[in-house]
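Remember, it's a predicted structure, so these values are computed and weren't measured experimentally. Read the numbers this way: they start at 1 and go in the same order the structure lists the ligands and their atoms.
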Amino acid sequence: MFNIVLFGPPGAGKGTQAVKLAVAYNLEHLSTGDILRAEMSKNSPLGQKVKNLIEKGELVPDETVISIIGEKLRNAGNVVGFIFDGFPRTVEQAKALDKMLADEALEIAVMITLEVEENELIERIRLRGESSGRTDDSDTSIIKNRIRVYNEQTATVADYYKNQGKYVPVSNMGTIDETFSLLASEIDRRLQIAIKS
Ligand code: ADP
């Protein structure tokens with residue numbers, strides 16, 4: 001299996017690129033944001049539990065997202081690999097992911113961080129909010145709070161993967177297709193190494 005973490009601040013374009021990579025490499029795309037929003041629109045007990053936090057731009061509790069991902073991993077069946085999008089967002093989540101994968105004799109091959117300048121992030125999220133209807137995308141103070149939460153609680157996850165020699169930064173200041181090519185060449189290089197070893 002070839003498992004990828006796609007990382008980066010809110011609005012960096014993780015979702016857009018993860019969908020394209022999942023198609024190109026036949027990977028199972030796991031987005032905690034998408035899963036949580038689906039629960040919110042069903043108004044399930046889980047959706048009700050996380051709604052308030054998501055709408056404020058705060059993280060939902062580690063146990064909640066860890067158990068969601070654990071269940072997805074257990075029920076995945078025969079897949080080529082996973083692309084994790086929006087998870088892990090804390091070092092606790094990263095450790096739990098490593099443990100859940102290790103239990104199945106699996107690991108993360110690479111963690112790719114999409115890099116976008118902060119002013120550009122705010123603009124991109126606001127623009128997305130106009131069409132997505134996401135309430136957390138429509139209010140500048142909530143957008144700024146999400147970026148603050150990223151800087152304070154999530155950015156350090158990069159160090160966790162740096163220490164494992166798995167961290168790869170990729171600029172996403174260019175077009176969607178340009179970034180996709182950059183990501184694909186990083187992944188292809190590692191796939192070659194994985195096949196040879
Ligand atoms: P974005 O990357 O644009 O912030 P996401 O769809 O990844 O959007 O996440 C939306 C919201 O869902 C986050 O602001 C957070 O409240 C919640 N969330 C998603 N993934 C996680 C996670 N791994 N840990 C905690 N909260 C999460």
Side-chain angles (χ1 to χ4, degrees), residues 3-22 29-44 46-73 82-101 108 111-158 160-161 170 172 176 179 183:
N3 303 306
I4 303 171
V5 170
L6 197 57
F7 189 74
K14 300 182 295 289
T16 304
Q17 295 295 337
V19 168
K20 287 171 73 70
L21 291 170
H29 175 208
L30 290 181
S31 158
T32 40
D34 286 352
I35 295 166
L36 294 169
R37 277 187 292 278
E39 295 295 328
M40 278 162 56
S41 51
K42 279 192 290 186
N43 205 21
S44 68
L46 173 59
Q48 289 174 18
K49 183 175 146 196
V50 299
K51 187 174 192 292
N52 198 18
L53 288 167
I54 291 186
E55 287 182 347
K56 282 193 296 199
E58 299 292 330
L59 296 184
V60 311
D62 286 338
E63 320 78 86
T64 306
V65 282
I66 291 167
S67 81
I68 289 172
I69 291 291
E71 198 188 311
K72 294 281 180 193
L73 294 180
F82 296 97
I83 180 157
F84 297 95
D85 157 13
F87 180 92
R89 256 178 161 93
T90 63
V91 172
E92 273 314 301
Q93 293 177 22
K95 287 182 182 163
L97 177 60
D98 271 353
K99 184 163 184 323
M100 291 188 288
L101 291 173
I108 295 298
M111 185 266 214
I112 306 180
T113 299
L114 289 175
E115 295 187 328
V116 174
E117 286 162 18
E118 192 160 309
N119 289 340
E120 179 70 15
L121 288 177
I122 297 172
E123 269 320 294
R124 288 187 190 182
I125 296 174
R126 234 201 316 245
L127 207 65
R128 179 171 72 185
E130 287 173 13
S131 54
S132 74
R134 276 176 59 173
T135 48
D136 63 340
D137 279 353
S138 307
D139 178 319
T140 307
S141 69
I142 294 170
I143 297 171
K144 286 191 172 157
N145 190 44
R146 284 159 60 201
I147 293 173
R148 185 187 60 77
V149 167
Y150 173 83
N151 288 328
E152 288 177 4
Q153 299 181 48
T154 303
T156 167
V157 172
Y160 180 84
Y161 289 98
V170 167
N172 190 16
I176 290 175
T179 300
L183 292 170

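For ligand 1, the polar-atom distance check against Asp136 finds no nitrogen or oxygen pair separated by under 3.5 Å. The distance criterion of under 3.5 Å between nitrogen or oxygen atoms is not met by Leu36 with respect to ligand 1. Remark: ligand 1 and Gly86 share an N or O pair separated by less than 3.5 Å (distance only, no angle test).
Ranked by closest heavy atom to atom 5 (P) of ligand 1, the top entry among Lys56, Arg146, Arg89, Lys14 is Arg89. Ranked by closest heavy atom to atom 26 (N) of ligand 1, the top entry among Thr64, Val60, Val50, Leu53 is Val60. Among Arg37, Gln93, Arg128, the residue whose heavy atom lies nearest to atom 24 (N) of ligand 1 is Gln93.
Under the 4.0 Å criterion applied to side-chain N and carboxylate O atoms, Arg128 and Asp136 are not assigned as salt-bridge partners. The residues Arg37 and Asp34 are annotated as salt-bridged, a charged nitrogen and a carboxylate oxygen being separated by less than 4.0 angstrom.
Here the heavy atom of the protein found nearest to atom 16 (O) of ligand 1 is Glu58 O, 2.6 Å. If you check which protein heavy atom lies closest to atom 20 (N) of ligand 1, you get Thr32 OG1, 2.7 Å. For atom 12 (O) of ligand 1, the closest non-hydrogen atom on the protein side is Ile54 CD1, 3.7 Å.
Ligand 1 places these atoms under 4.0 Å from at least one heavy atom of Gly11: 3 (O).
Asn172 contributes no side-chain N or O that, together with a main-chain N or O of Thr179, makes up a donor-acceptor pair within less than 3.5 Å.
Screening Glu130, Arg124, Glu123 for a side-chain contact (heavy atoms from CB on, under 4.5 Å) with Leu127, the sole residue that qualifies is Glu130. Here the options are Ile4, Leu6, Leu97, the test is side-chain contact (heavy atoms from CB on, under 4.5 Å), and the partner is Phe84; only Leu97 passes.
Only side-chain heavy atoms of Arg134 come within less than 4.0 Å of ligand 1; its backbone N, CA, C and O stay farther off. Neither the backbone nor the side chain of Val149 has any atom closer than 4.0 Å to an atom of ligand 1 (non-hydrogen atoms only).
Residue-ligand proximity: Gly57 is placed with every non-hydrogen atom at 4.0 Å or more from ligand 1.
Listed by chain and residue number, Glu58, Arg148 satisfy the side-chain hydrogen bond (donor to acceptor under 3.5 Å, both in side chains) test with Asn145 (two or more places apart in sequence, or in another chain). Residues satisfying the ring-ring contact (aromatic ring centres under 6.0 Å, His included) test with Tyr150, not counting sequence neighbours, are Phe7.
Annotation for Glu71: atom CD does not count as buried by contact number, only 12 or fewer foreign heavy atoms lying within 6.0 Å.
One finds the CZ atom of Arg126 at 10.0 Å from the CG atom of Asp139 (value rounded to the nearest 0.5 Å).
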